[in-house]
Peer 1: 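I have a structure here, written as structure tokens, and I will follow up with some questions on it.
The figures here come from the full heavy-atom set of this structure, side chains too, leaving out hydrogens, waters and symmetry mates. Whatever order the structure lists ligands and atoms in, that order sets their numbers, starting from 1. No experiment lies behind these values; they were computed from the predicted model shown. Numbering of residues begins at 1 and proceeds along the displayed sequence.
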Amino acid sequence: MLAMKRLSSFVFLLPFLLLAFVYSLFFPGDFTILPSLARCSNVQETTASSINRTEEPAVDLRVLLGVVTRAEMYERRALLRLAYALQPPPERAVIDVRFFVCSLAREEDAVLVSLEIIAHGDVVVLNCTENMDDGKTHSYFSAVPGLFVDAPYDYVGKVDDDSYYRLAALADTLRDKPRRDLYHGFLAPCHAGPGAPRFMSGMGYIVSWDVAAWVAATEALRRDVRGPEDEVFGRWLRSGGKGRNRYGEETRMYDYLDGGMREGVNCFRHALVADTVVVHKLKDRLKWARTLKFFNATQGLRPSKLYHVDL
Ligand SMILES: *[C@@H]1O[C@H](CO)[C@@H](O)[C@H](O)[C@H]1NC(C)=O
Ligand SMILES: *[C@@H]1O[C@H](CO)[C@@H](O)[C@H](O)[C@H]1NC(C)=O
Ligand SMILES: *[C@@H]1O[C@H](CO)[C@@H](O)[C@H](O)[C@H]1NC(C)=O
């Protein structure tokens, strides 16, 4: 009975459907057979544009933060993902944190890094072999301008995997800086006398896109990669007269220190402070834990009968 009814209504509709089909062949542009769906997407558009208008100011700053690390640092990447995912997002800025590793050399890395890429899509595999102080910085800066040529960033940063940036603080400090010829970080060595050649410490430094493009395009640098790589990077910029807008963020960028450590305060190391841009030397889980707690990352934990986390 029901089937009959369906069939008869289909037969009744058939001429109209045919007419509609023929019409759509001649006027494909303004024809839609799915008015309800079209309404749905209109609703979405309206919502999106009102959010755009009222709540989300336009993005005026885009930064690529490349964490240069090694394939086997699985736990560190997991921690960094958590730490950055739980930070309040910076306002009016996009800061993409991506992990850069050299070519994968072991069977397990080929599989496990593939899984990370499927799940998170935040790993870039450079064409380099893993080594210390032998050109990885060059591989990074010379690859980035080509890899992201379709959507260039304002700034490109190279970051240690034991550094923790506070993205909102970083965005605020970069927002009013020049978008060209910029070299931002922690000027080292901080105890050097005036006139000594200085460079931005490897904890993390940022250059404007034009500087990264210059590194990529300057063939001679490829042969000048010997030495501590961040010092080498500073040497390149000096020799090419690049990165003249230098901004050192001393006291807001520093090595981690707490009361349990034997080291003391010096010009690059002190206790955690609220207006931090980056903390460096987070070499173990306890240092990460204390740092993330200090910056209130645990405040999002809701009370529940399912867990208790107090010691
Ligand atoms: C939404 O944002 C875009 C990009 O910033 C801007 O060009 C556009 O005018 C905005 N639309 C509305 C309705 O505010
Ligand atoms: C690595 O080299 C291959 C082959 O030359 C190239 O297709 C690929 O884009 C390179 N990858 C990166 C990250 O530079
Ligand atoms: C963490 O939260 C407390 C309480 O809301 C606040 O007083 C403190 O300033 C926050 N710490 C940082 C580093 O923002």
Peer 1: When you check the side-chain N and O atoms of Tyr140 and Glu229, is any donor under 3.5 Å from an acceptor?
Peer 2: no
Peer 1: Could you pull out every protein residue that has a heavy atom closer than 4.0 Å to ligand 2, ordered by chain and then number?
Peer 2: Val125, Asn127, Leu147
Peer 1: Compute the shortest N/O to N/O distance between Gln299 and ligand 3 and return yes if it is under 3.5 Å, no if not.
Peer 2: yes
Peer 1: Are the aromatic ring centres of Phe199 and Tyr205 under 6.0 angstrom apart?
Peer 2: no
Peer 1: Between Asn296 and Gln299, is there a donor-acceptor pair closer than 3.5 Å when you use the side chain of the first and the backbone of the second?
Peer 2: no
Peer 1: Please state whether the rings of Tyr164 and Trp288 are parallel, tilted or perpendicular, taking 30° and 60° as the class boundaries.
Peer 2: perpendicular
Peer 1: Is any NZ, NE, NH1 or NH2 atom of the basic residue among Lys158 and Asp230 found under 4.0 Å from an Asp or Glu carboxylate oxygen of the other?
Peer 2: yes
Peer 1: At what distance, to the nearest 0.5 angstrom, does CZ of Arg290 lie from CG of Leu282?
Peer 2: 12.0 Å
